[in-house]
Amino acid sequence: MRNILVIVGSGTNKGNTSQLADAFCKGATKAGHQVNKVFLGDKNLSGCQGYEGCKGKNHVCVIKDGMQDINTLFAEYDTVVLASPIYFWTITAKIKAFIERLYAIEVKDAYPHKDSILLMIAGDDNFWTFEQPISYYSFVTKAIAWKNIGMCLAGGCKSDLKNKIIDERFLHQAYELGASIKEDNHVRKFFLFKPYKALFR
Ligand SMILES: Cc1cc2nc3c(=O)[nH]c(=O)nc-3n(C[C@H](O)[C@H](O)[C@H](O)COP(=O)(O)O)c2cc1C
């Protein structure tokens, strides 16, 4: 059994990203894993303030906000799922703030090992729509030595004041991704647009 932390970085907990994350959680739960979904909007996270205060404080971040709740249990998770809509061509500020705040737990240039998964939603559906966030996510996970074990990218999911519209096929993909996770590391599953496939196979 894995212990999976699903971080939702949308502006809303009732939107497309949350639905995609829920589908993933359902699949992962079905596969027997323990899943905890956290909506960053409830945590009021700020980005790193760059004091380096954490380095003299036993790797505890000096900023007092919802990151403390996440960090308390962080060591127990073996898998971290980042779920984000595209805002202005990349991940949201909330997800970026979460990543920056991991700085506190770095020890001698090393971060606690995790397997990681990226779930993303976008209004657009161009072949390049996910280019920036994929490039950033791939770079960061490599840099902190996390193993990227899966991705689900849902393009063409428009939303307006009244409607949040996500194509059912993406919910199936996210479910399947969750359900396919094994306790060991051998399954890697990617639901990608064609141009990205060569990068991850
Ligand atoms: C502030 C903001 C910026 C956005 N920027 C982009 C963008 O650059 N590219 C894109 O494809 N969609 C963009 N969108 C659309 C969202 O990615 C899309 O509607 C998504 O389904 C929203 O997910 P949510 O319901 O979880 O908020 C933007 C939406 C908002 C609110």
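Indexing begins at 1, ligand by ligand and atom by atom, following the structure's order.
Between Leu82 and Ile91 the shortest side-chain heavy-atom distance does not fall below 4.5 Å. Counting heavy atoms from C-beta outward, Phe98 and Lys43 have side chains that stay 4.5 Å or more apart. Within the 4.5 Å cutoff, no side-chain heavy atoms of Asn36 are placed close to those of Val6.
Qualifying side chain to side chain contact (heavy atoms under 4.5 Å, CB included) partners for Ser46, counting only residues two or more places apart in sequence or in other chains: Gln49, Ile63, Asp65, Arg101.
A heavy-atom cutoff of 4.0 Å around ligand 1 is satisfied by the protein residues Ser10, Thr12, Gly15, Asn16, Thr17, Pro85, Ile86, Tyr87, Phe88, Trp89, Ile121, Ala122, Gly123, Asp124, Cys157, Ser159, Lys164.
Placement of Tyr175 and Leu20 in two distinct hydrophobic clusters is found when ILVMFWY residues are connected by side-chain heavy-atom separations under 4.5 Å, directly or transitively.
To the nearest 0.5 Å, atom CD1 of residue Ile121 and atom OG1 of residue Thr17 are 5.0 Å apart.
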